[in-house]
Each structure stands twice: as C-alpha cells, then as structure tokens.
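Have a look at the structure below, then the notes.
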Amino acid sequence: MSQKKIIKIRSTIDTIDKQIIRLLGLRKKQVLKIAKYKNKRTIVDRKRINQIMKRIKLEAKKNKIDFNLVKNFWKQLIQYSIKLEKKIVK
C-alpha cells in the first residue's frame, strides 16, 4: 500500500476519533442533566445498566465488533458517568 493511501486512511481514522470524542462530550452533558433528577439511591440503576449492556451487545454483533472490546469500553463509560453523577447528587 502506498504511503499516500496510508496517510489518507489515517486522516479518516483521525476524523472518526474526533467524532467519537465529540459524541462522548454530548453524552457527558446528558449525564450531567439527568443527575439533577436523581438522588443517591438512584445513581446506580442496575436495570438500566443491564439494558445498556444488552443493547450494545446487539449493536456490536450487528457491526461485527468484538463484544469484549465494546463491553469493556461501556463499563468504563458507565463508571465514569456514575462518578460524575455522584459529584452532583446531594
């Protein structure tokens, strides 16, 4: 593969990475919004977490992405969201 093609593909990957980060920022804003409506007992919602994990498993399969990769990423994302909510909820 020529160096020009590699550079072009990497540029596309960089653009996708920026989009992912932008979407994570949008998600964070929604987490902060929802935290305003929660109390300490409702921060961790196991039912919701299970729903998310089932949904992402289906999406991973549909997009031919290794579920372990997706699962680990989402576990980190959920833990981060919980920490954010704990800072806000009184």
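- Ile88 is connected to Val31 through a chain of hydrophobic side-chain contacts under 4.5 Å among Ile, Leu, Val, Met, Phe, Trp and Tyr, so both are in one cluster.
- Heavy-atom contacts from other residues, nucleotides or ligands closer than 6.0 Å to CD1 of Ile34 number 12 or fewer.
- Listed by chain and residue number, Val44, Ile49 satisfy the side-chain contact (heavy atoms from CB on, under 4.5 Å) test with Arg46 (two or more places apart in sequence, or in another chain).
- In summary, of the residues considered (Lys36, Lys38, Lys40), a side chain to side chain donor-acceptor pair (under 3.5 Å) with Glu85 occurs for Lys38 alone.
- Taking hydrophobic clusters as Ile, Leu, Val, Met, Phe, Trp and Tyr residues chained together by side-chain heavy-atom distances below 4.5 Å, Ile78 shares a cluster with Phe73.
- Of the inter-residue distances, the one linking Leu69 atom CG with Trp74 atom CH2 reads 9.5 Å to the nearest 0.5 angstrom.
- Residue pairs meeting the salt bridge (charged side-chain N to carboxylate O under 4.0 Å, His left out) criterion with at least one member in residues 55-70, sequence neighbours excluded, are Glu59-Lys62.
- One finds the CD atom of Gln3 at 5.0 Å from the CD1 atom of Ile7 (value rounded to the nearest 0.5 Å).
- With rounding to the nearest 0.5 angstrom, the OG1 atom of Thr12 is 7.0 Å from the NZ atom of Lys8.
- Note: the hydrophobic cluster containing Val89 does not contain Leu32 (ILVMFWY, side chain heavy atoms under 4.5 Å, direct or indirect links).
- The shortest distance between side-chain heavy atoms of Met53 and Ile56 falls below 4.5 Å.
- Listed for the Ser81 side chain is a donor-acceptor partner under 3.5 Å among the backbone atoms of Leu77.
- Separation of atoms CD1 (Ile13) and CD1 (Ile20) is listed at 10.5 Å; rounding is to 0.5 Å.
- In this structure a side-chain-to-backbone donor-acceptor pair under 3.5 Å is present from Asn39 to Arg41.
- Considering CD of Gln79 and CD1 of Ile82, their distance stands at 4.5 Å, rounded to 0.5 Å.
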